[in-house]
Structure formats: structure tokens, C-alpha cells
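Notes for the one structure printed next.
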Amino acid sequence: MPVWFNPARELDALLRKVAPSVAGFDADFNPELRPSDPRHADFQANGVLAVAKKAKGNPRALATALVDAVKATGELDEKLFQVEVAGPGFINFKLTPVALGAWLREYRDESKWRAGASRIMGGRKVVIDYPSPNTAKQMHVGHLRPIVIGEAVARLIEFCGAKLTRDNHIGDWGTNFGILILAIRRAGFKLDSQSPTALDDLERLYKEGSVLTKADPAALDAARAELAKLQSGDAENLALWEEIVKVSNTACQRIYDQFGLKTDVILGESFYRDKVDQVYSELKKVGLAEESEGALVVWHDDEPRFSRHAETPMPFIVRKKDGSSNYASTDLATLLYRAEYFKADEIVYVTDGRQQDHFQQLFRTGAKWFTATKRTLPRLRHVWFGTILGEDGKAIKTKSGDPVRLQSLIDEATERAFAAVTAKSPELSEAERKAIAKAVGVAALRYVDLASNRTMDYSFSWDKLLAFEGNTAPYLMYAVVRVRSIFRKNGIEVGKGEEGATDPETPTEIALARKLLGFTAALDLALEDLRPHHLCTYLHELAAAYGAFYAADTVNVDDPAVRARRLMLCARTCSILETGLRLLAIEPVERM
RNA sequence: GAGGGGGUAGCUCAGUUGGAUUAGAGCAGCAGCCUUCUAAGCUGCGGGUCGCGGGUUCGAGUCCCGCCCUCCUCACCA
């Protein structure tokens, strides 16, 4: 009998198959199979309780009958699973050491896991939209999340078999440019993209313009007028715009390089400048859009919040009253382009949670528009995240003083990591320590952002973002380093030296093995809602189980069978940790 | 007002869709562990009426109702 890659899934299927033949169970029986508290079992089926409640039967008797029927099929190898009815009527499945050993021998490396996972998305074409910053600004801590979460989500989707296109939909066609052009004009500034201070100059000018337009409505109108001029093809503004885009893209690229971010295409809002007219005309033609206060808007009367009759009406403004396009216009044009050009089956938008209303309106408008024009709408998902807050508990914003620059954060992380590695491993060369510091520093930043549920806000804190102990990236990377060190000292490759490995035996070996089997469940969980923190939680638990094993069970012992099985446990831990870290876009190191 | 997020240990957070005498981690605190594979580690201890009040049932941090606190969004920003 083969060893199941994903035992929970197989047990679930088996129970569903057998149950209808047992008195008291219906054809649509749901076993409610889930991972169990390890103190009790590996998996448990809770579904019998619901059946008993409905039929007013005795849950333990029903559970026992079901278990007997399952055993009678002979499809459940009792050398691998220990089955029992427990508590009020749970069915517990406990993996035996034989099963653990067999699984570890069979599912050895990333290719096996990838093969298993790739069935989930099965070649679907997915476009993922991230990190999509607004240009013309220096990148600050607020830009961390879309980069980090976007990359992790992208890798998860890709790992599960999607054909993925990463599209950096930069905001390069909006009012921020109007503000900047206005500020440049007023200051009489000559922008030169080659100048080394170009970015700082833009930063300063943007701040000035921002303050001005906030304080003076006339200035805001002037900024909008500059934008309208730009969008209608004014040569001067277009030339200025090109210079600004050049400066800010160069700056963004420097940050992306440090995060190892490589998007496949960069199709910013400006790319759609000649594609918005089609949106306007089609929406008008099918009766979705109408004029309101001079603007072109879409109402959704089927949703009270977006209805024209709402107390505070919130129309989807598709074209501004001065005729220029906005976020909604370009997003609709983008949606159409992704459906037609990229043939997307699915589009994933990774943005700040404050844009939820916008995306709900966009998705509703898209659905009605596509239906009316007989197009197929891709599955649309908004993967949103909470805000990084400042010390005042408010969102970090450019206007409120100087937010911490992303570059300073990277530099500080790298410096602290360098100090740490120098203190702990002074024997390494300076070049090695620098490379390690870079990897560890950026990894620490990433991991903090990924480790909590993405929908949560969190406050910015140097110490939090740069912690190197506990549930952090350095902890996980360190676990990898310790595993690799064993192999290096023994002069063998990871994955070698397992001949004659016996099944896990000591409590710490068994606990580690059980945790290793949990990888597939963790992946399923993280993919379901595209929440990478589930993967973080799992990796931390795995590293902790390894830590306990490492302290309790010496690998290099005289008994060859014991040594072989411990080397096997080490090798699996190493590859699952490395695979998991890479899914989070954290590159493990050999030493630290 | 409407919609959304959050309220769990001193702090930062998990809690797999209602499950198992005892609600979990990490920091911080206390006590131990380096002449053997990297101590960025390991072991143990202390610390919680899961915002408040009702309800549903064999069983609630999780579901329902009503309150309270907090953050975010709501007409031409993205």
C-alpha cells in the first residue's frame, strides 16, 4: 500500500466513500476531517457528531460503526494508522512510527511537493498586480507591504501550478503628477533626471506641492489643470512627466533589486491612456455609466452603499468633470486588457485595505460591463493588507513629516545583522559576513511583515522590524544553518547517508516527523485565502520542533541505523524549511 | 449614518471555519543548560473571568442579538 502524500485528504475521501453504506449516514456525509491536537492524534473526524445530532442517535455508537466499516474495506493500513473513537464521538487517526518513516523516505524533496501542489491551480493563467507604487515619491516604510506580501502571494500561487504574470501597475498618470508639475512650475525648477539630487529635489517639491494643494483649493484646481493638460497631450507637460518617471523608476528599481523583486511587465496607468475612451463609450452604450455633476459615474443600485439613493452617495467616478481619467478609468481599461491580451483566468490585486470600496465597485462594474458585452470575466480577487502605523497610531503618510525611508530601514537591518554575525561568527571573512548580513537583514524585515495576518494593522517600530530572536526570519535561517552544519562537518551532502534509516523512535524524533508531515496542510491553508502568515506559523513550529530534536538527539552516534534516520530527519527539515522560506522570498544561507 | 478592520498574557500576535481534564507562541521577567553536530539555540517557571451583557447546544475565543472602545473608507487622490 502506498504512503499517502496528504493523509488528511485521503482519509476524508475514504470516510465519504464508506459512510453511505453504514446505517444512519447519508450520501452527503461530511467527515469534517482536520488536524488534531498532537496530544490526541494526528487527524480527527468530527462529522459524526453532527450526524448524531440530526438523527438523535448515539454518536459513539455511530462512530464505532463507521470505523468498523472502514476497517472492513481493508483500505486503511493498520500498520500505518491507529484508529479510535474518542471523547463524545470523534474519530482519531494517529500515524504510527512506521507511517512516519515511510512518508519521510518517500517524499524527499521539493519536486515531490511541487508536483502535489501544482494540481491546485492546474495551469490557470493568473495576473498578479503588485507592488504598483505611486511614482514621484521616495519609497518609505509604507511601500514595504505590497512588495513583501505581493511577492509571497505570487510565489505561493506559482508553486501551486498557476501560469503567472507579475504586473507592476505603477501609478504614473494621476493627480500626484499634476501636483508635482505645478510645484515645479511655481518653483521655476529645472528638472534634470541625470542629476544626483534629482530624487531629493522631487521629494521636496512634491511635499511643497502637497502642502499647497491641501491648504488652497485654487492650487488643487491648478494641479488638476496641469494633469488635464498632460493627459490631453501637452508637449511641455509630457516632457516634464517623462523626466519625473525616469527619476522615480530608477529609484524604485534600486529598492526592488535589494528585495530581489522582478516583475514580468510594468504596465502603469499611463500605458492605458489611449484605452480609456473605449471604456467610456462602452459603459455609456450599455447604459452603465451616466453624467453626474459633470463627471461620468457608475451607480450600483443593487447595493445600497453604492446606490444613488444612499445617504452619502458614493458613485464610481469613471471620468472626472474636467475630462481627465482617474484610478477607476485606468483600472477598468486594465481589467479589459488583462482579460483580452493576457487571457487571464484570474486577477489578483495586492493593495492596501483602504481601497476595498474601490475594488468592490470595480469588480461590480466589471461584472456588469463584461456581461453586457458578452465577455468572460476573470475571477477577481482583492488581496488587501492593513496599514503600517506611526507612533501616533495613524497611518504613516508622506505629508506628516518625514516617514522612515525604506532604504534606511534596509541599511539599518543590514548593519544590525552585520554586527550580529560578526559577534557570533568572527572567523568568517568580511565579505562573507557582509553577504550574510544583507540576506539576514532583509529577510528579517520581510518576515515580520508576513508573520501576522495581512489584514491586521501594525505599528512601526525599529526593534520589532529588526528583531533577530524568537519567531523571526533569522531563527528559521539559523535552523537551516545548524542542519547544514551537521552535513558539512560529516562531509556529506544533504539527503545522503540515509541508507538503513529506521523509523522515528524518540519523542523528539516523532514530534519532528509529525511536524514535517504538516507541510502540505500548511500550504493548503496559506493558499486558500492567500495568507502567507499560515506558512510562517508552520515554519516556526517546524524550526522549534527541530530545535528540541537537535538538543535531545545527537545525530553523530555510533549506531548506524539511528544515525541514518536522524540524518534523514535533518535532511527533510532542511529542505522543507528552505522550500518554505523561498516561498516567502527569503533566501536561506549556509552559515551565519 | 453606512461599510470594513481590530479588541485574547505586561507588550506583539496565532487560534485551520463550533470540539476534547489545562486557550497557544514570541518578546519582556525569573531559574537552569556550551570540553561532543553553530547558545541568533534548548529546558523549565510565573503570567489570561478571550471588550461587556444576554442567547443558541452535548460543547462557544469561534455562531446569533444588544451594547462599549479603537482604527480605516465614504464625489472627482491612488
Side-chain angles (χ1 to χ4, degrees), chain A residues 32 34-37 39-40 44 46 49-50 52-53 59 86-90 92 132-134 171 174-176 178-179 220 224 269 292-297 304-306 310-322 324 326-328 330-331 351-358 360 384 386-387 389 393-395 417 420-421 423-425 440 448 451-453 455-459 461 463-464 467-472 474-475 477-479 481-490 521-522 524-525 528 533-534 536-537 540-541 544 547-548 550-552 554-556 566 570 591-592:
Chain A
E32 293 179 35
R34 53 206 51 168
S36 187
D37 183 326
R39 281 173 296 195
H40 301 112
Q44 60 180 331
N46 298 344
L49 286 161
K53 185 186 244 171
F90 308 123
N92 282 353
S132 312
N134 289 327
T175 304
N176 49 340
I179 291 172
L220 184 57
R224 286 179 183 144
E269 291 168 349
S292 171
E293 297 177 26
L296 189 66
V297 307
R305 288 165 51 219
F306 303 135
E311 258 183 78
T312 43
M314 199 193 323
F316 195 46
I317 297 166
V318 159
R319 189 181 61 201
K320 299 197 274 187
K321 67 181 172 201
D322 64 9
S324 54
N326 67 359
Y327 196 23
T330 50
D331 264 4
T351 82
D352 190 286
R354 288 172 291 186
Q355 298 178 32
Q356 284 175 93
D357 286 340
H358 167 80
Q360 284 186 23
W384 62 273
T387 314
L389 308 170
K394 306 272 186 186
V421 72
K424 318 251 183 212
S425 305
V440 172
V448 175
S452 64
N453 195 335
T455 55
M456 296 279 280
D457 293 345
Y458 68 85
S459 297
S461 142
D463 288 338
K464 177 186 173 144
F468 292 167
E469 285 162 23
N471 185 8
T472 62
Y475 175 80
M477 296 169 88
Y478 184 65
V481 163
R482 292 209 292 177
V483 183
R484 287 200 162 275
S485 175
I486 291 172
F487 287 95
R488 189 172 55 245
K489 285 265 163 75
N490 280 305
D524 285 347
L525 206 54
E528 194 173 299
H533 80 281
H534 286 123
C536 295
T537 303
H540 178 247
E541 287 170 0
Y550 182 87
T554 307
V555 175
N556 287 317
R566 290 185 181 164
C570 286
R591 299 172 190 233
M592 59 190 277

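So you know, we letter chains A, B, ... as the sequences are listed, proteins then strands, and number each from 1.
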(message) Base, sugar-phosphate or nothing for A/T554? Non-hydrogen atoms, less than 4.0 Å.
(response) base
(request) Report the nucleotide, chosen from B/G1, B/A75, B/C72, that has the shortest atom-to-atom distance to any side-chain atom of A/V297. (result) B/A75
(request) Could you tell me whether A/N92 contacts a base, only the sugar-phosphate backbone, or nothing, with contacts defined as non-hydrogen atoms closer than 4.0 Å? (result) base
(request) Give one of base, sugar-phosphate or nothing for A/A420, where a contact means two heavy atoms less than 4.0 Å apart. (result) base
(message) Can you work out whether A/R39 or A/K321 has the more 5'-proximal nearest nucleotide on RNA chain B?
(response) A/R39
(message) Under 4.0 Å, counting only non-hydrogen atoms across every strand here, what does A/M477 touch: a base, just sugar-phosphate, or nothing?
(response) nothing
(message) Only pairs with both distances under 3.5 Å count, Watson-Crick or wobble alike; so what is the partner of B/G29 in this structure?
(response) B/C45
(message) Using a heavy-atom cut-off of 4.0 Å across all strands, would you classify A/Q355 as base, sugar-phosphate, or nothing?
(response) base
(message) Taking the nucleotide of RNA chain B with the nearest heavy atom to each, does A/D352 or A/Q44 sit closer to the 5' end?
(response) A/Q44
(message) Using a heavy-atom cut-off of 4.0 Å across all strands, would you classify A/G174 as base, sugar-phosphate, or nothing?
(response) sugar-phosphate
(request) Rounded to whole angstrom, note down the C1' distance from B/C34 over to B/G18. (result) 47 Å
(message) My understanding is that a pair needs two contacts under 3.5 Å, Watson-Crick or G-U wobble. By that rule, which nucleotide pairs with B/U57?
(response) none
(request) Please work out which of the three classes, parallel, tilted or perpendicular, describes the rings of A/Y327 and A/H358, given edges at 30° and 60°. (result) parallel
(message) Need the pair for B/U73. Rule: Watson-Crick or G-U wobble, both distances under 3.5 Å, any strand; none if unpaired.
(response) B/A2
(request) Pick the P atom in B/C65 and in B/U70, then give their distance to the nearest Å. (result) 23 Å
(message) Syn if the chi torsion is within 90° of 0, anti otherwise; quick check, which is B/U16?
(response) anti
(request) Sticking with atom P, work out how far B/U8 lies from B/U62, rounded to a whole angstrom. (result) 14 Å
(message) Classify A/E32 by what it touches in the nucleic acid, base, sugar-phosphate, or nothing, heavy-atom distance under 4.0 Å.
(response) nothing
(message) What's A/A86 touching, base or sugar-phosphate or nothing? Going by heavy atoms closer than 4.0 Å.
(response) base
(message) Taking the P atom in each of B/G61 and B/U21, what is the distance between them to the nearest angstrom?
(response) 11 Å
(request) Classify the nucleic acid contact of A/Y327 as base, sugar-phosphate or nothing, counting any heavy atom under 4.0 Å across all strands shown. (result) base
(message) Using a 5.5 Å cut-off between ring centres and planes within 30 degrees, is A/H40 stacked on the base of B/A20?
(response) yes
(request) Scan A/T472 against the nucleic acid and name what it touches under 4.0 Å (heavy atoms): base, sugar-phosphate only, or nothing. (result) nothing
(request) Could you tell me whether A/Q360 contacts a base, only the sugar-phosphate backbone, or nothing, with contacts defined as non-hydrogen atoms closer than 4.0 Å? (result) nothing
(request) Taking atom P in both B/C74 and B/C27, compute the distance separating them and give it to the nearest angstrom. (result) 40 Å
(request) Remember a base hit wins even if backbone is also touched, and classify A/Y458 as base, sugar-phosphate or nothing at under 4.0 Å, heavy atoms. (result) sugar-phosphate
(request) Mark yes or no for a side-chain to base donor-acceptor pair under 3.5 Å between A/S132 and B/A78, with no hydrogen or angle criteria applied. (result) no
